[in-house]
Amino acid sequence: MGSSNPKTGELADKYEPSAIEGKWYQYWLDNKFFRSTPDEREPYTVVIPPPNVTGVLHMGHILNNTIQDVLIRKARMEGKNACWVPGTDHASIATEAKVVKMLRAQGIKKSDIGREKFLEHAWEWKEKYGGIILKQLQTLGASCDWDREAFTMDAERSEQVIDMFIKLYNDGHIYRGLRMVNWDPEGKTTVSNEEVIYKEVDSKLYYINYRVVGGGYVTIATTRPETLLGDTAVCVNPEDERYKDLIGKTAIVPLVNREVPIIGDKYVDTTFGTGCLKVTPAHDMNDYDLGKKHNLEVIDIFNEDATLNANAQIHIGKDRFVVRKEIINDLKKAGCFIAEIPYKNKVGTSERTGAIIEPRLSEQWFIAMKKLCEPALENVLNKNIEFHPASFENMYKSWIDNIQDWNISRQLWWGHRIPAYYLPTKEGEEKQFVVAKSLEEAFELAKAKDANIKIEDLKQDEDVLDTWASSWLWPISVFDPEELEYYYPTTTLVTGFDIIFFWVMRMIIAGYFLKDEKPFKHVYFTGMVRDQQRRKMSKSLGNSPDVFKLMDRYGTDGLRYAILSSVAAGNDIMFDTPVPPDGSTDEQRAKFYEIPKNLDSKLCETGQKFANKIWQSYRLLSSWEVDESLPNPNKVALEWFEAIFNQELAKIERNFNEFRISDALTQVYSLFWHNGYCSWFLEMIKPDYDQAAGKAKPIDKATYDFAIDYFERLLNLLHPFMPFITEEFWQRIKARDEKETICFAPYPTPGEQNPQIVAEAEMIFEVITSIREIRTKKGIKKHDPLKLAVKTDSPDSFTKFAQILQKQNMAAISEIEFVEDKVAGAASFVVRNHECFIPLEGKIDVEQERKKLEKELERQKRNLNTSSNKLKNDKFVNNAKPEIVNNERKKLADAEAQIKVLEESLASL
RNA sequence: GGAUCCUUAGCUCAGUUGGUUCAGAGCAUCUGCCUUACAAGCAGAGGGUCGCUGGUUCGAAUCCAGCAGGGUCCACCA
């Protein structure tokens, strides 16, 4: 089974991502390289944060999933059993809203077709659009185990969700109760506190007179005059001198003439409004609490669509905002209206429908959270679960400290139906119910309560569970019970910090409740992708770039490079995106994105150029002709590159361990290109051009093998970040078997460190740069041979690298001479303690040379000053660590030596 | 109101236990090169009092306090 390597023969002049990306992904898929089953290896498990089943890939997903892919690919190469589980979330309220909208477009009303028919349509929709996003993840290169694709509402998951509910209920963590909840009058469902978005609006504060029984008036202030129809008290602060005598009296609610008590409670802020508060326990959270405390009557005046019901007595059937206007007129007529003043306040709106939330008393299901949270908090604070960055622990703690019971019932159909079955009840009796997995089991339980009951008398609760009450099981529910033992707890969760409370915390709770074990060891929080105006990217703003256009233009590897090189854990990413003008049609938008001009853009381009650079360096390697009879003239270059590779690799590894992924990538990039392989190493070993033969001279075998070997190691190092191009060249660089892949190539591990050669090379590179600078300044051609004279105590470092200094593409030094004295009429520079001269026979600009030397002299004098001051300070010498003091002595000596050298040079000019 | 993070080059940001290679990177800018892998490139250059004010320390971009400005989360708002 599986296809063989789709190797390509011809090597194009330039890098064309589209020519390689698709074919390699198909090859990986065909051979099931991402398949994971339990074995004796250590597992590295990641579960995807399941995107909404009807979602479409956007920048946020790219960020999130690319990071997961990097972690999982690296683990796979390290020989771990890497398992990345993909899947989607049914997203109860969002999906139902979409289906309702679609049906409405067809002229179908949800209420007309009923639950079963509606769900048929919903599943149909899911089959059609669900999973598009997973296909899109494949174009990103995501190395998920696609045989494990899961959906929060498929059979296995659903069963576990229901089992969890029953277990929580039987353990006493779930209760049903009449509570003040957030009611969305448009969706006609409750929403959780987290789904309420507060928006600042311009509203008005109305002052209204209530008549006090026994004489006088009390003036209250309210932003919601329509709710006075449900008032059952007036409240003042008992310490308020103005009103405290009123406590115990009664007042008359205008228009409905209800006599209500005047109560005292410190809750009332004496400085706000008039210091008198009307109390409507049915329609305000705080009033509800006051009502409970003072045993007030609760009068609910709203229907489920926020029109007034019969309890309101007047304006029955009208909408709350219509009534607000009319009530004000009524009050004016009745002479109770005092004033209205402009006022800014925040109004809760539904995250999904945008409707203004109405606090409403209703029967709902709740999970008691306090107790369940205990292990969830403890195991984060004690680092049993590690947050990256750790600063999110604070936010997490404050969430848990302020946690309230979780309203888990939703008045929707798309979701997991609550497994509660009601027994028939007479009017006025409290409802009786049983909680069970099936109607049959419910019947058995119900018989205990009522021996005469018939199975058809049982009615299942109409509501479904909050989506998060299924996704909190995700790290558990995606595995079969026996596999769970192997894969759980998972290794790393990568997710946005915006759902730390919605999801992360709840998974931790569920993990400890069900398994008595954490769901994951590490949590890597990503920031939000924002546009240049720092706005979160969102569909409604239309400021998210078309990710497929980006992949087309820059290559998937290029886009991955861009996104990865700008992620620091938890930090937001600004992605410079051009935004089409407001009010653009979809067509105009599409056009706008057709040619992304400026899409951060620069970073994608850098990634694309990097890929091309790799391409070009392979072209160079592959053009070389090997002559096995040649000796190896590049021993120093090889020794150096091995050293720098090991040194940088150790740094990269450190960064990975701390989840500093962008730093790791930047280092790989730099090692491959500007500070390592391409810019220095390849230039050092590149054979000269043979004019007579019209081609490059042959290369010795040792050098060639080394170059190929380290090219391969670099590809391995880069593969987790840029999987496609690295596979392409990994396949080309050596003969591979049919089913081989870089996906399982060994991830490089740091070898022995050799700081000596690294330091020496650095010195030589400085010399080369200085010589190049002299060439640039004097207008001397690159290949014109120059002599180098050096006054130094350690000529070895120079002779060691002589061959490199001589190379035309390095410094083109024809001859190195070691001298005792200054060389007159030469351009000079100093590197460390080595004084270098380039004789230029009359090409010297004395004035320019003097300026340069003076500038350097000044700098060294400053250094001398700093060091000598430090060393004169006894406190420094006595207190600082010995190596710091020694180093300071060395710096002082260096500065002194250099000053001497520079002064002599100046004198000799 | 509570919490929390941030302020470093023109822009976007690193800077890990206070000390060496600490004042960095990329982009942008400037100069010179179409040199047989690569102009999607090569070789060079300039650019910052690390928000401000104090403090701790032998020593501060780094620790502490205050101030100014910005972000984010939470709560309240009758």
Side-chain angles (χ1 to χ4, degrees), chain A residues 11 13-15 198 205-206 220-224 227 235 267-269 272-280 284-287 343-346 389 391-392 394-395 397-399 401-402 497-498 500-501 527-528 532 534 558 565-566 568 570-574 576 600-603 605-606 608-624 654-655 658 660 662-663 666 669-670 674 678-679 682-683 686 689 691 694-696 759 762 768-769 772-777 779 781-783 808-809 869-870 873-881 883-888 890-891:
Chain A
L11 187 63
D13 285 355
K14 286 188 176 176
Y15 163 60
Y198 287 90
L205 193 58
Y206 303 94
I220 60 91
T222 181
T223 53
R224 299 200 57 193
T227 61
C235 189
Y267 164 73
V268 177
D269 177 357
F272 187 88
T274 61
C276 292
L277 171 69
K278 69 192 246 337
V279 185
T280 322
D284 183 282
M285 298 280 181
N286 296 303
D287 289 12
Y343 179 67
K344 267 196 201 309
N345 68 342
K346 280 185 197 151
S391 56
F392 282 106
N394 290 328
M395 189 170 151
K397 182 174 186 307
S398 82
W399 269 110
D401 287 345
N402 296 307
F497 70 81
D498 52 332
I500 185 169
F501 184 73
M528 302 289 105
Q532 222 183 5
R534 294 195 175 273
S565 64
S566 51
N571 278 11
D572 287 351
I573 289 181
M574 271 216 286
D576 175 9
D600 222 354
S601 58
K602 281 295 165 194
L603 279 174
E605 213 177 296
T606 306
Q608 181 195 24
K609 286 178 180 176
F610 183 28
N612 184 58
K613 186 70 184 181
I614 297 166
W615 193 275
Q616 298 303 338
S617 50
Y618 176 78
R619 282 185 68 201
L620 177 65
L621 289 175
S622 62
S623 73
W624 287 341
R654 269 204 299 283
N655 282 321
E658 292 167 39
R660 304 169 68 93
S662 63
D663 289 352
T666 307
Y669 173 85
S670 170
H674 299 285
C678 292
S679 291
L682 287 180
E683 296 296 344
K686 191 153 88 175
Y689 195 74
Q691 288 296 346
K695 61 178 184 183
E762 243 168 52
I768 292 173
T769 299
R772 283 169 175 172
E773 190 183 343
I774 287 167
R775 287 180 186 275
T776 303
K777 291 241 166 83
K781 290 223 174 81
K782 260 203 299 237
H783 297 329
Q808 289 218 325
N809 50 353
N869 282 343
K870 276 190 182 179
N873 186 338
D874 288 343
K875 287 178 179 170
F876 170 73
V877 178
N878 296 333
N879 293 334
K881 281 182 267 177
E883 64 265 32
I884 301 291
V885 177
N886 279 339
N887 188 59
E888 211 53 51
K890 188 168 169 289
K891 270 160 75 177

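Every chain is numbered from 1, with letters handed out A, B, ... down the list of sequences. Values in this document were obtained by computation on a predicted structure and should not be read as measured data.
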Say we look at B/rC63 and B/rC58: how far apart would their C1' atoms be, to the nearest angstrom?
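My reading of the C1' atoms in B/rC63 and B/rC58 gives 16 Å.
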Determine the interatomic distance between C1' on B/rU7 and the same-named atom on B/rU53; round to the nearest Å.
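The same atom, C1', in both gives a distance of 15 Å.
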What residues form a ring-ring contact (aromatic ring centres under 6.0 Å, His included) with [X], not counting sequence neighbours?
X        : answer
A/Tyr618 : A/Phe729
A/Tyr15  : A/Trp615
A/Trp624 : none

Among residues at least two apart in sequence or on other chains, which ones pass side chain to side chain contact (heavy atoms under 4.5 Å, CB included) with A/Thr666?
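For A/Thr666 there are no side chain to side chain contact (heavy atoms under 4.5 Å, CB included) partners, ignoring immediate neighbours.
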Can you list the residues that meet the side chain to side chain contact (heavy atoms under 4.5 Å, CB included) rule with A/Glu762, with sequence neighbours excluded?
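In terms of side chain to side chain contact (heavy atoms under 4.5 Å, CB included), with neighbours along the sequence ignored, A/Glu762 is linked to A/Val758, A/Arg832.
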For the side chain of A/Glu658, starting at C-beta, report the closest nucleotide among B/rU16, B/rA37, B/rC76.
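Between B/rU16, B/rA37, B/rC76, the one nearest the side chain of A/Glu658 would be B/rU16.
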Counting heavy atoms from C-beta on, name the nucleotide in B/rC73, B/rA45, B/rA37 closest to the side chain of A/Trp399.
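Between B/rC73, B/rA45, B/rA37, the one nearest the side chain of A/Trp399 would be B/rC73.
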Could you go over nucleotides 40-42 of chain B and give all protein N or O partners under 3.5 Å, atom names and distances?
from: B/rA40; atom 1: O2'; to: A/Asn612; atom 2: ND2; distance (Å): 2.9
from: B/rG41; atom 1: O3'; to: A/Lys613; atom 2: NZ; distance (Å): 3.4
from: B/rC42; atom 1: OP1; to: A/Lys613; atom 2: NZ; distance (Å): 3.1
from: B/rC42; atom 1: OP1; to: A/Trp673; atom 2: NE1; distance (Å): 2.7

Identify, with sequence neighbours excluded, every residue that meets salt bridge (Lys or Arg N to Asp or Glu O under 4.0 Å) alongside A/Lys609.
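Result, salt bridge (Lys or Arg N to Asp or Glu O under 4.0 Å) vs A/Lys609: A/Glu605.
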Between the protein and nucleotides 54-60 of chain B, list the N/O to N/O atom pairs that are separated by less than 3.5 angstrom.
from: B/rC58; atom 1: O2'; to: A/Asn873; atom 2: ND2; distance (Å): 2.8

Is any side-chain nitrogen or oxygen of A/Arg660 closer than 4.0 Å to OP1 or OP2 of B/rG15?
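For B/rG15, OP1/OP2 do have a side-chain N/O of A/Arg660 under 4.0 Å.
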On the nucleotide B/rC38, are OP1 or OP2 found under 4.0 Å from the side-chain N or O atoms that A/Ser617 carries?
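So the side-chain polar atoms of A/Ser617 never come under 4.0 Å of the phosphate oxygens OP1 or OP2 of B/rC38.
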Less than 4.5 Å apart, any side-chain heavy atom of A/Leu621 and any of A/Leu682?
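When only atoms from C-beta onward are counted, A/Leu682 and A/Leu621 do touch, with a gap below 4.5 Å.
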Side chains of A/Thr227 and A/Lys278 only: does a donor on one sit below 3.5 Å from an acceptor on the other?
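Judged by distance alone, the side chains do pair up.
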Kindly write out the residues that satisfy side-chain hydrogen bond (donor to acceptor under 3.5 Å, both in side chains) with [X], not counting sequence neighbours, or none if the list is empty.
X        : result
A/Tyr689 : none
A/Arg619 : A/Gln616
A/Asn402 : none

Determine the stems involving RNA chain B; a stem requires 3 or more consecutive pairs of the Watson-Crick or G-U wobble kind, each with both distances below 3.5 Å, and the answer is none if no such run exists.
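Detected stem regions: B:1-7 with B:68-74, B:10-13 with B:24-27, B:29-33 with B:41-45, B:51-55 with B:63-67.
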